[in-house]
2 protein chains.
Amino acid sequence: MGQTDLEAVVRANHELFMRTGDRAADVVARHRLTLATAQALWAIDPEEAPPSMTVMTERLHCNAPNLSFVTKQLVERGLVERATDPHDRRSRVVVLTDEGRRVRAEIIAETLERTPFAALDGAELRELARLLAKVLAPAGGGA
Amino acid sequence: MGQTDLEAVVRANHELFMRTGDRAADVVARHRLTLATAQALWAIDPEEAPPSMTVMTERLHCNAPNLSFVTKQLVERGLVERATDPHDRRSRVVVLTDEGRRVRAEIIAETLERTPFAALDGAELRELARLLAKVLAPAGGGA
DNA sequence: CCGATTGCTTCGAGACTCGAAGCATTTCCG
DNA sequence: CGGAAATGCTTCGAGTCTCGAAGCAATCGG
């Protein structure tokens, strides 16, 4: 009867995603952003190379026109800038501005303070992170 | 540094919700539904008393006008019917039709087949379900 | 060199979400 | 009882999000 556990997990995953979003709603609104634009901002890690639009569509599970739309709003808000990838002039990379870096850090910090997941203790979080990582990469290097 | 685990958990939760949705997309499309209407259908447990609109808004984390809109589509699709709660004639309950019950079961079954969570074995799923349940109900009867 | 492909944008349409306003019913309180 | 207030839901209008189709610039393949 693993079916019952599986359904419970999928439902809990959905519910917790919604609850985290609900609690983050006023945080992102305070920065004049929406959930969609905040997720895009979150997806740009300032410690890695600026991602191309294609990479961003994969991270956000959306298509190119959608990302173009969302990116435009971040540009207008002064949080990111578009730049042409010198290695392939067709490709545009999304670069965080100083304010973008600051706003991103604030949104992430406040979201993590409010998410229901924060109720778990360190050991539980580590175990949960381990299990979720396994789901994300099930092969584990196997055949 | 539990912060790292917490962020990883929130990101993984988001990512897995999106992946589950992506893999369910063609399943719900096959039934002429969208993700929003399918979630509403999922939220109606045929083994419990038919939920009122208010209960449904809580389950779906949406407001009344939105639910009214989604419910209308399920009614037009012949999957649910509206009924007046005899105990409070202001309240409308959402009742699954026979086809609604059948389509709901199919969508859930096929979604659970395809979700990445299905890669876990029984013990892992049970542990994951336990942790997520704890996040959903953190108090545990405490003060 | 030129057709095919890739990466992105714009455009137009459809779906989703929400606040405001309105209606029916119930509850509250004198 | 009677009427004001509250509750549950719907409709309406506007705004946001999402996507397919079409188009442009740059690169790749022969």
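Residue numbers start from 1 in every chain, and the chains themselves are labelled A, B, ... in the order their sequence lines are given, proteins ahead of strands.
One atom, CZ of A:R89, and another, P of C:dC8, lie 14 Å apart when rounded to the nearest Å. Whole-Å rounding puts the B:D85 CG to D:dT7 P distance at 17 Å. Rounded to whole Å, the distance from CZ on A:R92 to C1' on D:dT27 is 13 Å. Taking atom CZ of A:R32 as the reference point, atom C1' of D:dG15 lies 17 Å away to the nearest angstrom. Here the C1' atom of nucleotide D:dC17 and the CG atom of A:L60 are 13 Å apart, to the nearest Å. C:dG14 atom P lies 17 Å from atom CG of A:N63, rounded to whole Å. Rounded to a whole Å, the CZ atom of B:F69 is 14 Å from the C1' atom of D:dA14. The separation between B:K72 atom NZ and D:dC9 atom P is 18 Å, rounded to whole Å.
Comment: B:E127 does not engage B:K134 in a salt bridge, judged by the lack of any side-chain N to carboxylate O separation of less than 4.0 angstrom. Between A:R30 and A:E106 no salt bridge is recorded (no basic side-chain N to carboxylate O distance below 4.0 Å). Ionic pairing of B:E76 and B:R82 is not present here: no N-O contact between side-chain nitrogen and carboxylate oxygen is shorter than 4.0 angstrom. No salt bridge links A:E15 with A:R11; every basic N to acidic carboxylate O contact stays at or beyond 4.0 Å.
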Stepwise side chain to side chain contact (heavy atoms under 4.5 Å, CB included) test for B:L41 and B:V103: CA-CA 9 Å; B:L41 192 62; B:V103 168; 3.9 Å; yes

Verdict with supporting geometry, A:D22 and A:R19, salt bridge (Lys or Arg N to Asp or Glu O under 4.0 Å): CA-CA 5 Å; A:D22 285 350; A:R19 288 196 197 178; over 6 Å; no

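Across its full length, the helix from C:dC1-D:dG30 to C:dG30-D:dC1 shows an angle of 20° between the axes of its 5 terminal pairs at either end, rounded to 10 degrees.
A close approach under 4.0 Å does not occur between any side-chain nitrogen or oxygen of A:N66 and OP1 or OP2 of D:dC17. Applying the 4.0 Å criterion to OP1 and OP2 of D:dG8, one finds that B:S52 has every side-chain N and O outside that range. Proximity of A:Q73 to the phosphate of D:dC17: a side-chain N or O atom is located under 4.0 Å from OP1 or OP2. When the side-chain nitrogen and oxygen atoms of B:S91 are compared with OP1 and OP2 of D:dC9, one or more of them lie within a distance under 4.0 Å.
Toward the 5' end of DNA chain D, the nearer of the two residues A:T34 and A:P65, judged by each one's closest nucleotide, is A:T34.
Side-chain atoms of B:C62 lie closest to C:dC18 of the nucleotides D:dC19, D:dT10, C:dC18.
Environment of CD in A:E124: crowded, with over 12 heavy atoms of neighbouring residues, nucleotides or ligands closer than 6.0 Å.
Nearest heavy-atom pair across A:W42 and A:R104 is O-NH2, 3.0 Å. Pairing each heavy atom of A:R101 with each of A:L96, the nearest pair is NH2-O, 4.0 Å.
Using modelled atom types, one side-chain atom of B:T111 and one backbone atom of B:I107 make a donor-acceptor pair closer than 3.5 Å.
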Sort me out a list of protein N/O and nucleotides 2-6 of chain C N/O pairs below 3.5 Å, or just none if empty.
| residue | atom | partner | partner atom | Å |
| --- | --- | --- | --- | --- |
| C:dT6 | O4' | A:R90 | NH1 | 3.4 |
| C:dT6 | O2 | A:R90 | NH1 | 2.9 |

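Counting non-hydrogen atoms under 4.0 angstrom, A:A64 reaches a base of the nucleic acid.
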